[in-house]
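Below is one structure, written out as structure tokens; comments come after it.
Excluded from the calculations below are hydrogen atoms, water molecules and symmetry mates; all remaining heavy atoms, backbone and side chain alike, are included.
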Amino acid sequence: MDAGLLVLRLVVGLLIAGHGVQKVSFRLGGHGLAGGTEEFRHDGFRGGRLTAVVAGASQIGAGLFLTAGLLTPLAAMAAMGVMTVAGTVKRPKGLWVQNDGYEYPMVLVAASAALALTGPGRWSLDQALGLAPWPLWIVLPAIVAGPVSGLLTRVLLHRPYDAWERKQYAQAAE
């Protein structure tokens, strides 16, 4: 069981962290902070650069903490929050990833929740520091707070495109 949890933590955590690295740098196929900022603007978010930095830092931090099995319920909460936001962006395109749908963010949300519920396993920093197992009264609120915070973020930061922006994005795509 511990080996399986380690593999799950490594894959999920590093994918989430890598997703964040792409938002703020040119590494891993990213388009730099300017590209991350533009992506958020294109997706209809307020805040521009600050939104990209906070989202990228949240993904990097949550992913690395999940990978290490450190503060697992809190790391899972942050991961579920940012990936819920990603899911809301992709929701209009349907479920399946081949149509740029929300399948991938949903899998990362579910895997993060599973890690919070099962715990990170013996081969983790939570275990080494005597923090595991986490009590259910911490885990369950974290699992709820993650997606709820993502949905609230989407509601608070989303803005509809105006006609000028639509024209700019259409011209840039040509």
Side-chain angles (χ1 to χ4, degrees), residues 3-48 51-121 124 139 142-159 161 169 173:
L5 289 171
L6 176 63
V7 169
L8 184 61
R9 284 194 348 256
L10 290 173
V11 171
V12 170
L14 291 175
L15 284 173
I16 292 170
H19 201 72
V21 167
Q22 290 178 321
K23 297 280 183 277
V24 297
S25 76
F26 291 101
R27 299 194 186 285
L28 304 177
H31 300 287
L33 186 54
T37 300
E38 184 59 29
E39 178 184 348
F40 278 98
R41 285 188 183 137
H42 181 267
D43 290 338
F45 285 94
R46 292 182 180 102
T51 302
V53 167
V54 170
S58 296
Q59 289 171 327
I60 293 166
L64 293 178
F65 273 58
L66 278 177
T67 299
L70 178 61
L71 304 175
T72 302
L74 300 176
M77 179 180 69
M80 288 186 289
V82 294
M83 295 317 298
T84 296
V85 173
T88 66
V89 170
K90 295 180 175 296
R91 188 180 145 300
K93 297 179 180 176
L95 174 63
W96 302 112
V97 74
Q98 73 260 25
N99 299 322
D100 198 29
Y102 62 91
E103 173 188 3
Y104 175 67
M106 185 174 79
V107 167
L108 292 177
V109 168
S112 297
L115 283 169
L117 286 166
T118 61
S124 67
V139 172
I143 289 173
V144 171
V148 167
S149 69
L151 293 172
L152 286 173
T153 298
R154 178 67 176 181
V155 167
L156 293 173
L157 293 181
H158 186 259
R159 62 178 170 76
Y161 294 121
Y169 291 128

Side chain to side chain contact (heavy atoms under 4.5 Å, CB included) involving [X] - partner list, sequence neighbours excluded:
| X | answer |
| --- | --- |
| Ala116 | Ala76, Val139, Ile143 |
| Ala86 | Met83, Pro105 |
| Val148 | Val144, Leu152 |
| Ala111 | Leu8, Val12 |

**Message:** Using 0.5 Å steps for rounding, measure from the CG atom of Asp43 to the CD atom of Glu38.
**Reply:**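 Asp43 CG to Glu38 CD: 9.5 Å, rounded to 0.5 Å.
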
Review point. About how many Å separate OG1 of Thr118 and CG of Leu5, when rounded to the nearest 0.5 Å?
Key: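 Answer for the CG-OG1 pair, Leu5 versus Thr118, is 4.5 Å.
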
**Request:** Tell me, please, which residues at least two apart from Asp100 pass side chain to side chain donor-acceptor pair (under 3.5 Å).
**Result:**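 By the side chain to side chain donor-acceptor pair (under 3.5 Å) rule, Asp100 matches Lys90, Lys93.
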
What do the steps show when you test Ser112 against Ile16 for side chain to side chain contact (heavy atoms under 4.5 Å, CB included), and what is the final call?
CA-CA 10 Å; Ser112 297; Ile16 292 170; 3.9 Å; yes

Salt bridge (Lys or Arg N to Asp or Glu O under 4.0 Å) contacts in which one or both residues fall within [range], not counting sequence neighbours:
| range | value |
| --- | --- |
| residues 65-75 | none |
| residues 148-157 | none |
| residues 102-121 | none |
| residues 63-76 | none |

So which atom in [X] and which in [Y] form the shortest heavy-atom distance, rounded to 0.1 Å?
| X | Y | value |
| --- | --- | --- |
| Met77 | Ala145 | SD-CB, 3.6 Å |
| Pro120 | Ser124 | CG-OG, 3.4 Å |
| Gln59 | Val82 | CG-CG2, 3.4 Å |

Using a 3.5 Å cut-off and no angle test, enumerate the donor-acceptor pairs between side-chain atoms of residues 21-36 and protein atoms at least two apart in sequence or in another chain.
unit_1, atom_1, unit_2, atom_2, d
Gln22, NE2, Leu28, O, 2.7
Lys23, NZ, Glu39, OE2, 3.4
Ser25, OG, Val21, O, 2.9
Ser25, OG, Arg27, N, 3.1

> Does any N or O in the side chain of Arg9 come within less than 3.5 Å of the main-chain N or O of Leu115, such that one atom is a donor and the other an acceptor?
Replying inline: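 No, Arg9 side chain to Leu115 backbone: no donor-acceptor pair under 3.5 Å.
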
Original post:
Which residues pass the ring pair (Phe, Tyr, Trp, His ring centres under 6.0 Å) test with Phe45, sequence neighbours left out?
Top reply: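 Phe45 satisfies ring pair (Phe, Tyr, Trp, His ring centres under 6.0 Å) with Phe40 only.
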
Determine all donor-acceptor pairs shorter than 3.5 Å in which one atom belongs to a side chain in residues 65-74; sequence neighbours excluded.
unit_1, atom_1, unit_2, atom_2, d
Thr67, OG1, Leu14, N, 3.3
Thr67, OG1, Gly63, O, 2.8
Thr72, OG1, Asp126, OD2, 2.7

